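One structure is given here, and the rest of the page talks about it.
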Amino acid sequence: MTTPVRTRVAPSPTGDPHVGTAYVALANYAFAKKHGGDFLLRIEDTDQARSTPESERAILAALHWAGLSWDEGPDVGGPHGPYRQSERSAIYKRYSDELLANGHAFRCFCTPERLDAMRAAQRAAGTPQKYDGHCLAIPPEESERRAASGEPYVVRMKVPESGVCVVHDLARGDVPFEYATVDMQVLLKSDGLPTYHLANVVDDHLMEITHVIRGEEWMSSAPKHLLLYGYLGWEPPVLMHLPLLRNPDKSKLSKRKNPTGILFYERMGYLPEALLNFLGLLLAHAPEGQEIFGLPEFIERLDLSKISLGGPVFDIGKLDWLNGQYLRALSTDELLARTMAWGFERDRLVRIAELAQSRVERLSDLAPAAGFLFAGRLAVTKESFAGAKLGDDEMRKALALAMWRLDAERAFEKETVERVLKGVGETLGKKFRDLARVYYVAMTGSPTSLPLFDSMELLGRDIVRERFRVALAAFGGVSGKEQKEWQALQAPDQTNGAAA
RNA sequence: GGCGCCAUAGUCUAUCGGUUAGGACGCCGCCCUUUCAAGGCGGAGAGACGGGUUCAACUCCCGUUGGCGCUACCA
């Protein structure tokens with residue numbers, strides 16, 4: 001081993017921490033450790049519109065909760081920083097300029113409208129959809145002049161017109177791609193920030209990443225990346241594409257069909273070591289039995305070149321079994337300590353007691369009244385909703401809109417919940433009073449319970465989302481068509497005072 | 001549509017030319033047990049299809065079908 005192995009996970013902070021991120025992180029972490037190398041975490045926040053600091057914090061916290069740690073990263077620092085791409089703009093610009101100067105890239109002044117029209121025409125003609133090279137013909141001087149005059153442009157990479165790019169994948173072997181099918185990817189957006197492709201290649205090189213282990217969705221951009229390494233005169237890392245986690249119906253794991261948030265599993269009461277073990281099972285399987293193992297053993301048995309390439313279904317049933325095994329292996333003291341830390345902290349108990357106090361007549365009433373706050377999924381059926389003043393479709397709509405709109409909120413305090421739920425009432429033209437019963441049943445399992453908004457805050461976003469999903473499923477779910485129609489329903493205007 | 005990846009039971013997988021195709025989850029049954037779990041024991045259940053290559057194919061090759069991904073100034 002001449003150069004030390006270095007791997008990384010590079011999440012984009014655009015949403016809730018995803019189990020897929022933990023899966024990729026685990027593979028990278030274990031691979032690096034197996035070879036005595038370093039694992040680092042980099043934040044890919046070049047999408048200004050969608051990236052948020054809250055999401056970044058949540059992702060780091062969730063990965064730490066899962067039991068993963070990194071040698072370098074935005075929170076722990078390191079010699080190759082900064083580890084947040086938004087803080088590295090000048091670096092990308094420099095290489096973009098170099099590519100421009102070398103003639104490996106060119107400025108493209110095409111408007112979004114022209115590109116749309118171009119794609120529409122290509123679709124109609126049935127030809128491959130890719131950039132047509134319109135701005136390739138612009139002479140360098142003119143390109144310079146137009147850029148200097150302030151005309152908006154992007155930088156695109158050039159791609160050979162013919163020939164084949166062979167991608168060496170650690171698990172799949174050689175995968176050939178015709179250059180003719182590779183698009184002239186945008187490297188630098190008109191806002192001056194890089195796209196994933198440029199930032200990724202530059203950072204992986206500068207951070208001395210030796211093995212890029214990432215999701216299979218990147219497979220088809222590998223030729224672009226390899227081309228960039230070549231243009232920049234750099235040695236490309238070893239590539240390895242991991243199969244994607246799937247829903248039970250084999251589609252790519254999505255939160256519409258499944259809980260995908262790491263924090264959901266935490267709130268459901270899964271142990272991090274069980275979740276990691278479960279993910280590890282999808283990456284390295286023991287020939288004979290022995291499915292329960294910790295990180296050290298996992299590192300030892302991992303062999304990415306032998307990984308099973310079919311996308312594995314994220315089988316929650318198996319996770320349940322595994323988690324049960326871990327729970328039973330705990331001493332009673334440990335089990336109790338873990339349970340207390342998980343959902344019975346004193347502060348939380350105090351809040352619950354405050355909510356319940358006016359509703360109890362005996363001390364024995366308290367635990368039953370608050371039970372739903374300590375449960376995971378509720379056993380609600382369509383019958384649970386009987387007695388509401390709304391029709392089935394109205395209830396489904398009320399449930400679905402609340403779920404989607406809550407998803408879109410950054411915060412999850414009771415005020416947020418109240419505003420959103422009441423807003424749904426306005427949208428539907430219903431008194432919130434009539435909607436409330438539906439929400440009570442979905443959230444607490446009963447039409448009468450502790451105050452709704454406080455309870456939802458206490459439950460937390462992940463459990464709330466799952467309860468909405470379960471309630472909706474009890475009604476048969478929402479069709480794709482309905483989803484489109486309903487999401488188009490105007491949310492109450494924030495300017496009309498509701499937010500004040 | 002184009003390009004690419006993938007294909008063993010419902011699910012996760014072992015096998016790397018010669019096996020009664022092994023294990024785990026789930027399911028079913030039995031045992032244990034005041035119930036229910038847990039635990040123990042047992043059972044049902046798989047090589048997508050069609051061609052090759054070979055003495056021999058789940059395993060290698062080709063095709064078909066199916067699933068998935070990519071096809072953005074998102075990652």
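Every chain is numbered from 1 and lettered A, B, ... according to where its sequence line falls, protein lines coming before strand lines. Remember, predicted model here, so these are calculated numbers, not experimental data.
Proximity of residues 259-278 of chain A to RNA chain B (heavy atom under 4.0 angstrom from any strand atom) is not detected for any residue. Interface residues of residues 249-258 of chain A facing RNA chain B, ordered by number: A:K250, A:S251, A:K252; criterion, heavy-atom separation under 4.0 Å. Contact check of residues 319-332 of chain A against RNA chain B (heavy atom, cut-off under 4.0 Å) returns A:W321, A:Q325, A:R328.
Ring geometry for A:F314 versus A:F278: interplanar angle over 60°, hence perpendicular rather than tilted (30 to 60°).
Between A:K189 and the phosphate of B:C74, there is a side-chain N or O to OP1/OP2 separation shorter than 4.0 Å. Distances shorter than 4.0 Å separate none of the side-chain N or O atoms of A:K318 from OP1 or OP2 on B:C27.
Using a 4.0 Å cut-off between a side-chain N of Lys or Arg and a carboxylate O of Asp or Glu, A:R267 and A:D462 do not qualify as a salt bridge. Classification of A:R42 and A:E44 as a salt-bridged pair holds, one side-chain N sitting under 4.0 Å from a carboxylate O. Checked for salt-bridge contact, A:R8 and A:E72 miss the test: no charged N lies under 4.0 Å from a carboxylate O.
Using atom P as the reference point in both B:U20 and B:U71, the two lie 48 Å apart (nearest Å). Only the C1' atoms considered, B:A24 is 15 Å distant from B:A46, to the nearest whole Å. A gap of 15 Å separates the C1' atoms of B:C60 and B:G18, to the nearest Å. For the C1' atom pair drawn from B:A9 and B:G43, the interatomic distance equals 14 Å after rounding to whole Å. Spacing of P atoms, B:U64 relative to B:A21, comes out at 31 Å, to the nearest Å. Between the P atoms of B:C55 and B:C49, the separation comes to 25 Å (whole Å). Spacing between B:G67 and B:C32 at atom P, rounded to whole Å, works out to 49 Å. For the P atoms, the distance from B:G10 to B:A44 is 16 Å, rounded to whole Å.
With no hydrogens or angles considered, no side-chain donor-acceptor pair links A:D333 and A:S331 at under 3.5 Å. One side chain, A:S251 or A:D249, offers a donor N or O that lies under 3.5 Å from an acceptor on the other. Defined by atom type and a distance below 3.5 Å, a donor-acceptor pair is present between the side-chain atoms of A:E383 and A:T381.
If you check B:U34 for Watson-Crick or wobble pairing at under 3.5 angstrom, you find it has no partner at all. As the counterpart of B:A14, no nucleotide is assigned, since no Watson-Crick or G-U wobble pattern has both distances under 3.5 Å. Both distances falling under 3.5 Å, in either a Watson-Crick or a G-U wobble arrangement, place B:A48 opposite B:U64. Under the Watson-Crick or G-U wobble criterion, with both distances below 3.5 Å, B:C41 is paired with B:G29.
Separating the CG atom in A:L227 from the OG atom in A:S221 is a distance of 12.5 Å, to the nearest 0.5 Å.
Annotation: side chain to side chain contact (heavy atoms under 4.5 Å, CB included) contacts of A:R328 (sequence neighbours excluded): A:Q325. Every side chain to side chain contact (heavy atoms under 4.5 Å, CB included) that A:K252 has, sequence neighbours left out, goes to A:L244. Taking the side chain to side chain contact (heavy atoms under 4.5 Å, CB included) definition, one finds that A:P74 meets it with A:L41, A:I43, A:E56, A:L60, A:Y83, A:R84, sequence neighbours left out. Applying the ring pair (Phe, Tyr, Trp, His ring centres under 6.0 Å) rule to A:H225 yields the partners A:Y196, A:H197; only residues at least two apart in sequence or on another chain are considered. Not counting sequence neighbours, the partners of A:Y95 by the ring pair (Phe, Tyr, Trp, His ring centres under 6.0 Å) test are A:W234. Listed by chain and number, the residues in a side chain to side chain contact (heavy atoms under 4.5 Å, CB included) with A:N323 are A:Y270, A:L271, A:A274, A:L327 (sequence neighbours excluded).
Looking at heavy-atom distances under 4.0 Å, A:V154 makes contact with a base. Contacts of A:R156 with the nucleic acid, taken as non-hydrogen atoms under 4.0 Å apart, involve only primed sugar atoms and P, OP1 or OP2. Within 4.0 Å of A:C165, counting heavy atoms only, lies no atom of the nucleic acid at all. At a threshold of 4.0 angstrom between heavy atoms, the contacts of A:S221 with the nucleic acid are absent.
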Which pairs, protein N/O on one side and nucleotides 4-7 of chain B N/O on the other, fall under 3.5 Å?
from, atom 1, to, atom 2, distance (Å)
B:C5, O2', A:R172, NH1, 2.6
B:C5, O2', A:E216, OE2, 2.8

Atom pairs under 3.5 Å: protein N/O with N/O of nucleotides 47-50 of chain B:
none

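The base of B:C73 sits with one of its N or O atoms less than 3.5 Å from a complementary donor or acceptor on the side chain of A:S190.
For the pair A:L198 CG and B:A75 P, the interatomic distance rounds to 11 Å; values are reported in whole Å.
Closest to the side chain of A:S12, from the set B:A75, B:C68, B:C12, is B:A75. Picking from B:C12, B:C73, B:A75 the nucleotide with the shortest atom distance to the side chain of A:H285 gives B:C12. Residue A:R119 places its side chain closer to B:C73 than to any other of B:C73, B:C74, B:C70.
Proximity of the aromatic rings of A:H205 and A:Y229 is defined here by a centroid distance below 6.0 angstrom, and this criterion is not met.
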Quiz item: How does protein reach along nucleotides 41-46 of chain B, written 5' to 3' as B (base within reach of a heavy atom under 4.0 Å), S (only sugar-phosphate), or - (no contact)?
Solution: ------
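Shortest non-hydrogen contact noted between A:G280 and A:L26 is N-CD2, 3.6 Å.
By the 6.0 Å and 45° rule, A:R146 does not stack over the aromatic ring of A:Y153.
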Quiz item: Between A:R172 and A:D169, does a salt bridge (charged side-chain N to carboxylate O under 4.0 Å, His left out) hold up when you go through it step by step?
Solution: CA-CA 5 Å; A:R172 284 160 241 265; A:D169 184 278; 3.5 Å; yes
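Nearer the 5' end of RNA chain B, as judged by each residue's closest nucleotide, is the contact made by A:T127, out of A:L283 and A:T127.
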